[in-house]
Amino acid sequence: METLMNAISIERANNSKIGEVDFDNLSFGSVYSDHMLVCDYADGQWGLPKIVPYQSLTLDPSAKIFHYGQSIFEGMKAYKDTGGKVWLFRPLENFKRLNRSAKRLAIPELPEAHFMEGLQALIRLEADWVPQKEGSSLYIRPFIFATGIGFHASPADRYRFIIACAPSGSYFGGKVRVLIEETYSRAANGGVGFAKAGGNYAGQFYPTQLAVDKGYQQVIWTDDNTHEFIEEAGAMNVFVRIGDTLITAPTNDRILDGITRKSILDIAKEDGIATEVRKISVHELVDAAKNGSLKEMFGAGTAAVVSPISAFGYKGVDYDLPDLTDSVAARMKKRITDIQCNRSDDKFGWRHEVIL
Ligand SMILES: Cc1ncc(COP(=O)(O)O)c(C=O)c1O
């Protein structure tokens with residue numbers, strides 16, 4: 001580990017762009033920090049990572065990323081506490097998931113040190129880019145894609161791993177209206193739904209656009225076989241509270257195993273909130289909405305943190321959720337962001353300090 005860290009070369013940007021950024025009014029993921037980490041795979045192995053100024057890439061038109069979509073990514077955040085220390089949240093989980101995605105897409109798995117040491121080196125260099133304002137953070141995007149060339153439909157022999165960063169504010173403006181999907185599917189049994197593969201998101205854009213045109217912000221995906229059970233939303237896992245029980249769907253090969261989701265389950269259990277991990281049918285949801293036992297729905301994910309859902313649409317009918325002052329969503333958001341931003345103790349050992 002130590003050796004790799006020392007071997008990461010750093011080419012510094014001549015001029016920092018940081019003065020051009022309005023840190024009080026950050027949108028999500030649209031301005032990028034000065035540097036990025038780059039690491040290439042060739043001749044059967046991953047080379048040494050290097051840090052270079054954030055810049056455009058040059059790729060051969062026959063690079064397999066363009067034709068066969070061998071592309072995977074992760075999403076994580078760095079948080080700055082009031083004392084100026086910088087923290088990551090469960091970064092090893094992102095590393096493990098990146099490699100689960102890599103394996104499924106026939107991309108060579110990345111050594112742990114390349115990810116963890118590379119991340120440490122990059123975030124230390126970009127520490128000034130980590131916002132301190134409540135609700136803002138440095139969004140971190142590790143990704144791997146096929147640079148190897150050829151029109152033959154087979155895995156590439158060259159890949160690139162990059163980590164880029166974007167100081168970011170909140171993902172959604174306010175509460176979210178969702179449409180329960182009855183026609184399209186995000187993922188299929190035996191497919192790549194559990195992986196963070198770029199194509200999973202491309203496939204969501206058209207149905208999501210149709211939902212947006214109807215006045216919703218997101219689609220809630222249902223199982224591809226029957227469309228009877230809710231699975232997850234665009235970039236979030238979904239929780240529902242019926243009565244006093246917090247319920248979320250079990251992960252499977254169609255659903256992304258969200259780090260926020262499993263953290264919330266652990267926090268809720270610790271706080272004495274009843275939790276159930278089980279299938280939730282749309283009929284159960286509609287019945288609970290009608291009889292008043294459906295108290296809350298919220299999405300959970302790194303980008304969106306905990307995003308309350310204000311209403312869901314199904315078969316042309318909108319079901320409004322109550323506007324609660326003391327919601328489990330708000331409690332979970334506070335609990336998790338307090339851990340992430342070093343405002344509370346960290347019983348689970350999830351916080352990871354970036355050594356500056
Ligand atoms: C499809 C999908 N589901 C769920 C999540 C939430 O996962 P996490 O909490 O690890 O960010 C994400 C975001 O990464 C996602 O893209």
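Both counts, for ligands and for their atoms, begin at 1 and track the order of listing.
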Of all the atoms in ligand 1, which lie at a distance below 4.0 Å from a heavy atom belonging to [X]?
{"X": "Thr302", "value": "8 (P), 9 (O), 10 (O), 11 (O)"}
{"X": "Gly301", "value": "6 (C), 9 (O), 11 (O)"}
{"X": "Gly258", "value": "7 (O), 8 (P), 9 (O), 10 (O)"}
{"X": "Lys196", "value": "12 (C), 13 (C), 14 (O), 15 (C), 16 (O)"}

Give the minimum heavy-atom separation between Leu246 and Ala268, together with the two atoms involved.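 Scanning both residues, the minimum pair turns out to be CD2-CB, 4.1 Å.
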
Distance-only polar pair, side chains of Asp257 and Thr251, donor-acceptor under 3.5 Å: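 The criterion, which ignores hydrogens and geometry beyond distance, is not satisfied for Thr251 and Asp257.
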
Heavy-atom gap [X] to ligand 1 smaller than 4.0 Å:
{"X": "Glu74", "value": "no"}
{"X": "Arg97", "value": "yes"}
{"X": "Gly234", "value": "yes"}
{"X": "Met76", "value": "no"}

In the protein, what heavy atom is nearest to [atom], and what distance, to one decimal place, separates them?
{"atom": "atom 2 (C) of ligand 1", "answer": "Glu232 OE1, 3.3 Å"}
{"atom": "atom 9 (O) of ligand 1", "answer": "Thr260 OG1, 2.5 Å"}
{"atom": "atom 12 (C) of ligand 1", "answer": "Ala235 O, 3.2 Å"}

Please confirm whether the ring centroid of Trp350 lies under 6.0 Å from the ring centroid of Phe89.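 Judged by ring-centre distance (under 6.0 Å), Trp350 and Phe89 do meet the cut-off.
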
Do the rings of Tyr314 and His283 sit parallel, tilted or perpendicular, given the 30° and 60° boundaries?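 It falls in the perpendicular class, over 60°.
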
Under the ring pair (Phe, Tyr, Trp, His ring centres under 6.0 Å) test, residues paired with Tyr54 that sit two or more places apart: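 For Tyr54 the ring pair (Phe, Tyr, Trp, His ring centres under 6.0 Å) partners, ignoring immediate neighbours, are Tyr32.
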
Is it the side chain (CB and beyond), the backbone, both or neither of [X] that lies under 4.0 Å from ligand 1, heavy atoms counted?
{"X": "Leu256", "value": "side chain"}
{"X": "Arg186", "value": "side chain"}
{"X": "Met236", "value": "backbone"}

Flag, side chain of Gln218 to backbone of Gly234, donor-acceptor distance under 3.5 Å: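 Yes, because the side chain of Gln218 sits within donor-acceptor range (under 3.5 Å) of the backbone of Gly234.
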
Just checking Lys333: does its NZ atom have more than 12 heavy atoms from other residues, nucleotides or ligands closer to it than 6.0 angstrom?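 Count not over threshold, so no.
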
Could you tell me if the side chain of Leu321 sits less than 4.5 Å from the side chain of Phe298, heavy atoms only?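 No, their side chains stay 4.5 Å or more apart.
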
Any ring pair (Phe, Tyr, Trp, His ring centres under 6.0 Å) involving residues 97-135? Give me the pairs, sequence neighbours left out, ordered by first then second residue.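 Found Phe95-Phe115.
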
Only one of Phe145, Phe161, Tyr201, Tyr139 clears ring pair (Phe, Tyr, Trp, His ring centres under 6.0 Å) with Phe73; which?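 Testing Phe73 for a ring pair (Phe, Tyr, Trp, His ring centres under 6.0 Å) against Phe145, Phe161, Tyr201, Tyr139 leaves exactly one candidate, Tyr201.
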
Please work out which of Ile259, Ile255, Ile336, Ile264 has its closest non-hydrogen atom nearest to atom 10 (O) of ligand 1.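 Result: the heavy atom closest to atom 10 (O) of ligand 1 is in Ile259.
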
Does Tyr201 reach ligand 1 with a nitrogen or oxygen that is under 3.5 Å from one of the ligand's nitrogen or oxygen atoms?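 Tyr201 vs ligand 1: N/O contact under 3.5 Å present.
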
